[in-house]
2 protein chains.
Amino acid sequence: MLDARKRQVLFAIVQDYIQTAEPIGSRTIAKRHSLGVSPATIRNEMADLEELGFLAQPHTSAGRIPSDRGYRFYVDAMEVLPVLTAVEAEIVKRQLGSILRGQQMMLDALARLVSSLTNYTSIVIGPQPHQARLKLMQVIPLDENRAVLMLVLDTGMVANEVLTLPQGLAMYDLLAFCNYVNLNLAGTSLRKLKAMHFEAYAGQFHAGAQAVEQAMDSLIAGLSRSEGDRVVLGGATNIMNQPEFRDIAKLRAIMRVLDEHELVLRLVTSAPSTSASVSIGAENAIEALRDCSLITATYRLSGGQTGHISVLGPTRMEYARVIALLNYVTKLVSET
Amino acid sequence: MLDARKRQVLFAIVQDYIQTAEPIGSRTIAKRHSLGVSPATIRNEMADLEELGFLAQPHTSAGRIPSDRGYRFYVDAMEVLPVLTAVEAEIVKRQLGSILRGQQMMLDALARLVSSLTNYTSIVIGPQPHQARLKLMQVIPLDENRAVLMLVLDTGMVANEVLTLPQGLAMYDLLAFCNYVNLNLAGTSLRKLKAMHFEAYAGQFHAGAQAVEQAMDSLIAGLSRSEGDRVVLGGATNIMNQPEFRDIAKLRAIMRVLDEHELVLRLVTSAPSTSASVSIGAENAIEALRDCSLITATYRLSGGQTGHISVLGPTRMEYARVIALLNYVTKLVSET
DNA sequence: TGTTAGCACTCAGCACTGGCGAGTGCTAAC
DNA sequence: GTTAGCACTCGCCAGTGCTGAGTGCTAACA
């Protein structure tokens, strides 16, 4: 497709531009990379590469910058995936170890770790309760008319909610309902639970069926989103360090997208769950991310639940390093 | 302190500047507010006000803008606290109603609501488990060597964690430990629990005491921060709409502060918990918030737990409206 | 045929300029 | 005490010319 020298030139431009964020001229390449040819020759190659759509020129008398297509070629052609240095790997391993110990804060800490290591914005999606099943329901009375309702899944996920007993619903009614659920619904998948109507079950009690229905719905909704469906951002400010976003308008558009967690969720989870998938510039469906690249990696917990870790940066992104890092992190997380 | 006309002039400038974000000249005031005097007179008053430190002049031939002190005077002097219009109140009431129904998502939704109503950035701090006591501990086996540990407080707060049984610790040991805790520690305050060492209790079992200790610590830490200590931001992008922050450097400094949840927590909780407290510009301890004002209101749940809702904006902030709104919102939240 | 040196050309960025308009402070008259 | 008039200040803006980086083209060379 591209002869060896064109490739060399393209790669040189991509690499230099990733570092400097400034258009690269022919002389610069000739000096920094020893290709053994003069700037004039490189100019010819650059003109060809531009015609082929791999490079672009911000204005007539400027150097070249890679186009989306140029980055894509670069990413696809990174033949051997780069590996982290031993030092970096050690750092990640140590920090990740202490994060994985406690379960609660995991997502926050993970997002923070990834963003601090990459200097980009990170997005972490909690593990999706894939095929989780109901283990047990529990009612814990707090006082005469308040009780904690709790649902436990076989994955260990728990949702709880305080219910204030409405008129006409006694505590033992609630306990009976709980027994009923445990006898009949243990082992039901979360997906089925979602579709279920509890008013019918609860209806055997004189009143308060609606309140119970509401509480159950809320619990189940909580379960499916308590950890999974949960979007956590890390280092959102990092995006501001990039010179391409010193324009407030662009920045605002991006931040607005990041604020929309449902949108982010769809964006990240739509990535193919191969090792690390990269979407560059306009490949992102979202208009505001036209100048961004998103690298997404998937982790898979022992329980079969999957989640995602993404890094969002400018199209001028350190692809190699970030991909290596994400692969390593997801590998470690998956092993836990 | 200030004669009536000086006050009028000062208020006119504050109000106009809040709206326009541009220095206000004497002619503008004479036209927009009918003070019955000519621009020249107003100029004299303005010169006096500047000398007194209530106004400042960005440059010689510009109008005046309020200083921190000017805002402070304005806020303190807002004699009768403004009330929301019936329409606004209705909107808040309706939206808040649906938020308060479910407990889980409350903080997120609340932050979103407040920021969308004010067009500033909002900060919500979850209810602090003030004097909560341990109601019950529970162990729910998932399979041969995994179990969910759960602590329930009398406020209805729940923390849970999956424990993988280490070598030498049997499930019934864990259940026995749980019984032991329930018999001896029910009713213990969260504060005391925090200081407690469980290794001693767990030590009666041959092994795994350390793992249990670790899990308990993590649970208790989770309890005290699961809801309380939780900082949720809403509409962080709103701050970018303010013309005073189109300078990226300032913006970045502010966002960096907002990213540091511990810092935000300290900042917000250090406010006196009177109705709504306002700290203006340099009154904020944090350097980066030199150009911001923070309005904080406190809510108090029936269980005695307290939390905070804050709004962060430029010093040129719609104090009256935001204060009224926060007072109303916290009142509604407190009643639930 | 591919490579290279030389040269004219382009264009963003920067510093400088002068005009404009908003707004002030001062003075003198009311 | 208030006001009109006026000179003065200064940020903003558009226009101008210069500089330097980088290109494309052409002609010469291996």
Side-chain angles (χ1 to χ4, degrees), chain A residues 2-10 12-17 19-67 70 243-244 246-247 316, chain B residues 2-10 12-17 19-67 70 243-244 246-248:
Chain A
L2 290 184
D3 68 44
R5 196 171 60 193
K6 280 198 174 47
R7 255 157 124 100
Q8 280 188 302
V9 172
L10 177 56
I13 292 178
V14 171
Q15 281 162 12
D16 281 15
Y17 186 67
Q19 295 239 326
T20 64
E22 308 226 314
I24 312 295
S26 52
R27 241 175 72 86
T28 317
I29 294 185
K31 252 189 294 184
R32 300 245 298 240
H33 305 256
S34 37
L35 302 189
V37 293
S38 79
T41 309
I42 294 176
R43 277 207 286 284
N44 290 331
E45 300 289 21
M46 282 162 83
D48 290 353
L49 283 168
E50 180 167 1
E51 199 171 1
L52 291 169
F54 293 101
L55 295 179
Q57 208 171 8
H59 59 265
T60 325
S61 71
R64 302 302 209 291
I65 63 175
S67 66
E244 31 267 277
R246 71 205 121 78
D247 173 17
R316 183 187 62 78
Chain B
L2 291 183
D3 68 44
R5 197 170 59 192
K6 280 198 176 45
R7 256 159 122 98
Q8 280 187 302
V9 171
L10 177 56
I13 291 177
V14 171
Q15 282 161 11
D16 282 15
Y17 187 67
Q19 295 240 324
T20 64
E22 308 225 315
I24 311 294
S26 52
R27 240 175 75 86
T28 316
I29 295 184
K31 253 189 293 183
R32 299 247 298 241
H33 305 255
S34 38
L35 301 190
V37 292
S38 80
T41 308
I42 294 176
R43 277 207 285 284
N44 290 331
E45 299 289 22
M46 283 162 83
D48 290 354
L49 283 167
E50 180 166 1
E51 201 172 0
L52 290 168
F54 292 101
L55 296 179
Q57 209 172 8
H59 59 264
T60 325
S61 70
R64 302 301 209 291
I65 62 176
S67 66
E244 31 268 275
R246 72 205 121 78
D247 173 18
I248 282 267

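Proteins come first, then strands; the chains are lettered A, B, ... in the order of their sequence lines, and each starts at number 1. Remember, it's a predicted structure, so these values are computed and weren't measured experimentally. Only this structure's heavy atoms are used, side chains among them; waters, hydrogens and symmetry mates stay out.
In this structure, CD of B:Glu45 is placed 13 Å from P of C:dG25, rounded to the nearest angstrom. When rounded to the nearest whole Å, the span between CZ of A:Arg32 and P of D:dG22 equals 11 Å. Atom pair B:His59:NE2 and D:dC10:P shows a separation of 9 Å (rounding to whole Å applied). If you measure from atom CZ of A:Arg43 to atom C1' of D:dC25, you get 10 Å, rounded to the nearest angstrom. If you measure from atom CG of A:Asp16 to atom P of D:dG22, you get 12 Å, rounded to the nearest angstrom. A straight line from CD of A:Glu50 to C1' of D:dG24 spans 12 Å, rounded to a whole angstrom. Residue A:Asn44 contributes atom CG, which lies 11 Å from atom P of D:dT23 at whole-angstrom precision. Distance CD1 (B:Ile42) to P (D:dT3): 9 Å, rounded to an integer number of Å.
Counting only heavy atoms from C-beta outward, the side chains of B:Thr28 and B:His33 never approach each other to under 4.5 Å. In this structure the side chain of A:Arg316 reaches within 4.5 angstrom of the side chain of A:Pro243, judged on heavy atoms. For the pair A:Phe54 and A:Leu2, the minimum side-chain heavy-atom distance is below 4.5 Å.
The two residues B:Ile24 and B:Tyr17 make their nearest non-hydrogen contact at CD1-N, 3.8 Å. Residues A:Pro23 and A:Ile65 approach most closely at CA-CG2, 3.7 Å, considering heavy atoms.
Evaluation of atom-type donor-acceptor distances gives a pair under 3.5 Å for the side chain of B:Ser61 against the base of D:dT9. Side chain B:Arg27 to base C:dG23: no donor-acceptor pair is found below 3.5 Å.
Here the side chain of A:Gln57 pairs a donor or acceptor atom with the backbone of A:Ala62 at under 3.5 angstrom. Looking only at distances, no side-chain donor or acceptor of B:Ser26 sits under 3.5 Å from a matching main-chain atom of B:Ile42.
Across all strands shown, A:Ala40 has heavy atoms under 4.0 Å from base atoms, whether or not it also approaches the sugar-phosphate.
In terms of phosphate contacts, B:Thr41 brings a side-chain nitrogen or oxygen within less than 4.0 Å of OP1 or OP2 of D:dT3. Proximity of B:Ser26 to the phosphate of C:dG23: no side-chain N or O atom is located under 4.0 Å from OP1 or OP2.
Exactly one residue among A:Glu50, A:Glu22, A:Glu45 makes a salt bridge (charged side-chain N to carboxylate O under 4.0 Å, His left out) with A:Arg64. That residue is A:Glu50.
Comparing D:dT3, C:dA5, C:dG25 by their nearest atom to the side chain of B:Arg64 picks out C:dG25. Taking only side-chain atoms of B:Gln57, from C-beta outward, the nucleotide of C:dT24, D:dC10, D:dG24 with the closest atom is C:dT24. In the set D:dG22, D:dT3, C:dT4, C:dT4 carries the atom at the smallest distance from any side-chain atom of A:Val37. Of the candidates D:dT3, D:dC6, D:dG24, D:dT3 carries the atom nearest the B:Ser38 side chain, counting heavy atoms from C-beta on. Taking every side-chain heavy atom of A:Arg5 into account, C:dT3 is the closest of C:dA12, D:dT9, C:dT3.
Taking a pair as Watson-Crick or G-U wobble with both distances under 3.5 Å, the runs of three or more consecutive pairs in DNA chain C are C:1-30 with D:1-30.
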